[in-house]
Amino acid sequence: MFFLSINKKLFFILLVLLVIIVFICESMITHGHPVTSWKEYNYSFFEIQKLKESARNGDNDAAYKLGMYYYLIKKNDEVSMKWLRIAADSNHIEAIKELIRYESLFDTKESKQSVNEYIQKLKKIAIANMKDENFYIADLKID
């Protein structure tokens, strides 16, 4: 009987530890991104104003940073996606990847179509950036 009560106590302790570990792991993830990534986007009010001004003047990297700020820090998906789309329209690769990740969370016809469009955009960018010295006809094994 004593052994059985020890096993119950041990089981209870292990169960509590497991719940704590799961809780900690879940709290370390925000929208599928590790918490450590939010720190680089934790801008001050004045930095945000400068980024907005730069983004409005065509700086796609500033638009991307704003998108990530609103996504990770402010948790405002609508504003975040607005800025990420602006960056993606200027062929910002990381913004396109984030949009693909975000749209992949949803199982709708529109989101699937968006993911497809962003993937096609990435392919076009990759082909446009392909360098001749990295492309060998011999690798294609064409006779």
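If you take NE2 on His92 and CG on Asp59, they are separated by 8.5 Å, rounding to the nearest 0.5 Å. Atom OH of Tyr69 and atom NZ of Lys52 lie 8.0 Å apart (nearest 0.5 Å). The distance from the OH atom of Tyr41 to the CG atom of Leu72 is 7.5 Å, given to the nearest 0.5 Å. In this structure, CD in Glu117 is found 9.0 Å from CD in Gln120, a value given to the nearest 0.5 Å. To the nearest 0.5 angstrom, Glu103 atom CD is 10.5 Å from Gln113 atom CD. Going from atom CG of Leu66 over to atom CD1 of Ile73 covers 12.0 Å, rounded to the nearest 0.5 Å.
Side-chain contact between Asn91 and Asn60 is absent, with no heavy atoms from C-beta onward closer than 4.5 Å. Between Val79 and Lys74, the closest side-chain pair of non-hydrogen atoms is not below 4.5 Å. Taking 4.5 Å as the limit, every side-chain heavy atom of Leu84 sits out of range of all side-chain heavy atoms of Ile96. Here the side chains of Asp107 and Lys112 are in contact, with some heavy-atom distance below 4.5 Å.
Between Glu78 and Arg85 no salt bridge is recorded (no basic side-chain N to carboxylate O distance below 4.0 Å).
In this model, a donor atom of one side chain and an acceptor atom of the other lie less than 3.5 Å apart for Thr108 and Ser111.
Hydrophobic clustering (side-chain heavy atoms under 4.5 Å, transitive across Ile, Leu, Val, Met, Phe, Trp, Tyr) keeps Leu51 apart from Phe46. There is a path of hydrophobic side-chain contacts, each under 4.5 Å, that joins Leu105 to Leu99.
Residues satisfying the salt bridge (Lys or Arg N to Asp or Glu O under 4.0 Å) test with Arg56, not counting sequence neighbours, are none. Scanning for side-chain hydrogen bond (donor to acceptor under 3.5 Å, both in side chains) contacts around Glu47 gives Ser44, with sequence neighbours left out. For Asp61, the salt bridge (Lys or Arg N to Asp or Glu O under 4.0 Å) partners two or more places apart in sequence, or in a different chain, are Lys65.
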For this session: Report the C-alpha distance between Tyr64 and Trp83 in whole Å, list the side-chain angles of each, state the deciding distance to 0.1 Å, and finish with yes or no for side chain to side chain contact (heavy atoms under 4.5 Å, CB included).
Result: CA-CA 6 Å; Tyr64 169 73; Trp83 287 111; over 6 Å; no

For this session: Go through the steps to decide whether Lys50 and Glu53 satisfy the test salt bridge (charged side-chain N to carboxylate O under 4.0 Å, His left out), and finish with yes or no.
Result: CA-CA 5 Å; Lys50 285 183 178 183; Glu53 183 181 335; over 6 Å; no

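Here the side chain of Ser104 pairs a donor or acceptor atom with the backbone of Ile100 at under 3.5 angstrom. Without hydrogens or angle criteria, Ser80 side chain to Tyr70 main chain gives no donor-acceptor distance under 3.5 Å.
Taking both residues in full, the closest heavy atoms of Ala62 and Ala55 are given as CB-N, 3.8 Å, listed atom of the first, atom of the second, then distance. Across all their heavy atoms, Ile125 and Ile93 have their closest contact at CG2-CD1, 3.9 Å.
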